[in-house]
Amino acid sequence: MKKALITFGIVLGSIALFLVGLSILFGYLFSVPYPPQPTFGFTGNWRYTGVFGYEERPLPPASRIWEEYLAWEPKTEHRQRLFLARLGGLERQSGFTVSTNSGDTPMGAQRYTDIEFTYTDPTNGTYRLHWSLPGEHDPSFLRFTNQFRLYQLELGGSTNDDPPRLFIQSIEGIRPEHYVGN
């Protein structure tokens, strides 16, 4: 009886060790790596194009953004509607907040860096901008200087949001691989 119990323990321990090893192997083989830290300097096509393509229009004044967005009918059914704006200026950015969150997925816990700030344009009004990226990142690349860059922005939130909420889809000079999960 004692010998059978020891054999059973060895078999059970071997199975447990095998399952742990198998789960580590699957985690390694099927894990999705986080994108690298966004940095400026990319000179190729920086635009996020989406699976079904996109259409761009200049960013309208904040007071009319929903009206113009709802009237906008893309040329094909699933094209993404993106606004294009040249943003920058240290004094135009305020309320800069950063959070790093973790969420459970079937492949394990995933970390995300979320950045939000208010952008006030002297002509068009005030907008609330949001950027989200898998992994933990240094947010300094989104702190404005007096250099202006083109941004592709997707309208989000609701018509009641004041200021209107826009999600940054791409930034001139940053490699497109940084737009995963937006």
Side-chain angles (χ1 to χ4, degrees), residues 34-101 111-182:
Y34 292 133
Q37 171 67 30
T39 56
F40 290 105
F42 180 68
T43 57
N45 182 12
W46 55 271
R47 284 178 161 85
Y48 171 79
T49 57
V51 175
F52 298 105
Y54 68 95
E55 289 183 22
E56 284 179 343
R57 290 191 178 173
L59 183 64
S63 62
R64 293 189 10 238
I65 194 167
W66 275 103
E67 176 186 334
E68 290 195 24
Y69 183 79
L70 294 172
W72 182 357
E73 294 184 26
K75 291 179 179 60
T76 61
E77 185 178 347
H78 298 291
R79 276 194 178 181
Q80 200 168 358
R81 295 174 284 179
L82 301 173
F83 292 111
L84 188 64
R86 187 168 295 283
L87 305 178
L90 186 62
E91 72 286 349
R92 295 179 180 191
Q93 187 179 46
S94 61
F96 195 93
T97 60
V98 179
S99 62
T100 303
N101 305 304
R111 305 219 21 103
Y112 288 87
T113 300
D114 293 296
I115 303 168
E116 280 197 351
F117 59 90
T118 300
Y119 182 78
T120 304
D121 182 274
T123 306
N124 286 340
T126 302
Y127 308 89
R128 188 75 182 157
L129 302 180
H130 179 85
W131 172 281
S132 183
L133 190 63
E136 292 184 50
H137 299 280
D138 177 356
S140 62
F141 73 99
L142 266 177
R143 291 209 183 261
F144 285 179
T145 64
N146 287 325
Q147 181 175 6
F148 284 71
R149 299 179 189 278
L150 287 173
Y151 285 69
Q152 277 184 321
L153 305 166
E154 184 174 27
L155 186 59
S158 74
T159 56
N160 296 327
D161 290 344
D162 187 26
R165 187 177 167 97
L166 295 156
F167 294 88
I168 298 170
Q169 292 299 321
S170 63
I171 304 170
E172 180 181 24
I174 292 183
R175 186 176 296 276
E177 67 205 21
H178 295 289
Y179 310 128
V180 177
N182 282 331

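Below, all heavy atoms of this structure are taken into account, side chains as well, without hydrogens, waters or symmetry copies.
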Hey, are the side chains of His137 and Thr100 touching, using non-hydrogen atoms and a 4.5 Å cut-off? no

Across all chains, not counting sequence neighbours, the side-chain contact (heavy atoms from CB on, under 4.5 Å) partners of Arg149 are Phe40, Gln147, Tyr151, Ile171, Glu172

Donor-acceptor contact present, side-chain Thr113 to main-chain Gly135, <3.5 Å
yes

Can any side-chain N or O of Trp66 pair as donor or acceptor with the backbone N or O of Ser158 at less than 3.5 Å?
yes

NE2 (His130) and CZ (Arg165) are apart, to the nearest 0.5 Å, by 5.5 Å

*Donor-acceptor pair, Gln169 side chain versus Tyr48 backbone, under 3.5 Å?*
no

Nearest heavy-atom approach of Trp72 to Pro74 is O-CD, 3.5 Å

Is the number of heavy atoms from other residues, nucleotides or ligands within 6.0 Å of CD (Glu73) greater than 12?
no

| message | Has Arg81 got a side-chain atom pairing as donor or acceptor with Tyr69's backbone, closer than 3.5 angstrom? | response | yes

Tightest non-hydrogen contact, residues Phe141 and Ile174, listed as CD1-CD1, 3.8 Å

The residue among Thr118, Ile65, Leu87, Thr120 that forms side chain to side chain contact (heavy atoms under 4.5 Å, CB included) with Tyr127 is Ile65

**Message:** So Ile168 and Leu153, do their side chains get closer than 4.5 Å, heavy atoms only?
**Reply:** yes

- According to the interplanar angle, ranging from 0 to 90°, do the rings of His78 and Phe52 count as parallel (below 30°), tilted (30 to 60°) or perpendicular (above 60°)? tilted

Using side-chain heavy atoms (C-beta onward) and a distance below 4.5 Å, is Leu166 in contact with Leu155? yes

Between Thr126 and Ala62, the two heavy atoms sitting closest are O-CB, 3.4 Å

dist Thr43:OG1 -> Arg175:CZ (nearest 0.5 Å) comes out at 8.5 Å

With a 3.5 Å distance limit and no angle check, can you tell me whether Glu136 reaches the backbone of Arg111 through a side-chain donor-acceptor pair? no

ask   = Taking the side chain as C-beta and beyond, is there a heavy-atom pair between Arg47 and Leu84 under 4.5 Å?
value = yes

Given the options Gln93, Arg92, Arg128, Tyr119 meets side-chain hydrogen bond (donor to acceptor under 3.5 Å, both in side chains) only with Arg92

Tightest non-hydrogen contact, residues Tyr54 and Gln152, listed as CE1-NE2, 3.4 Å

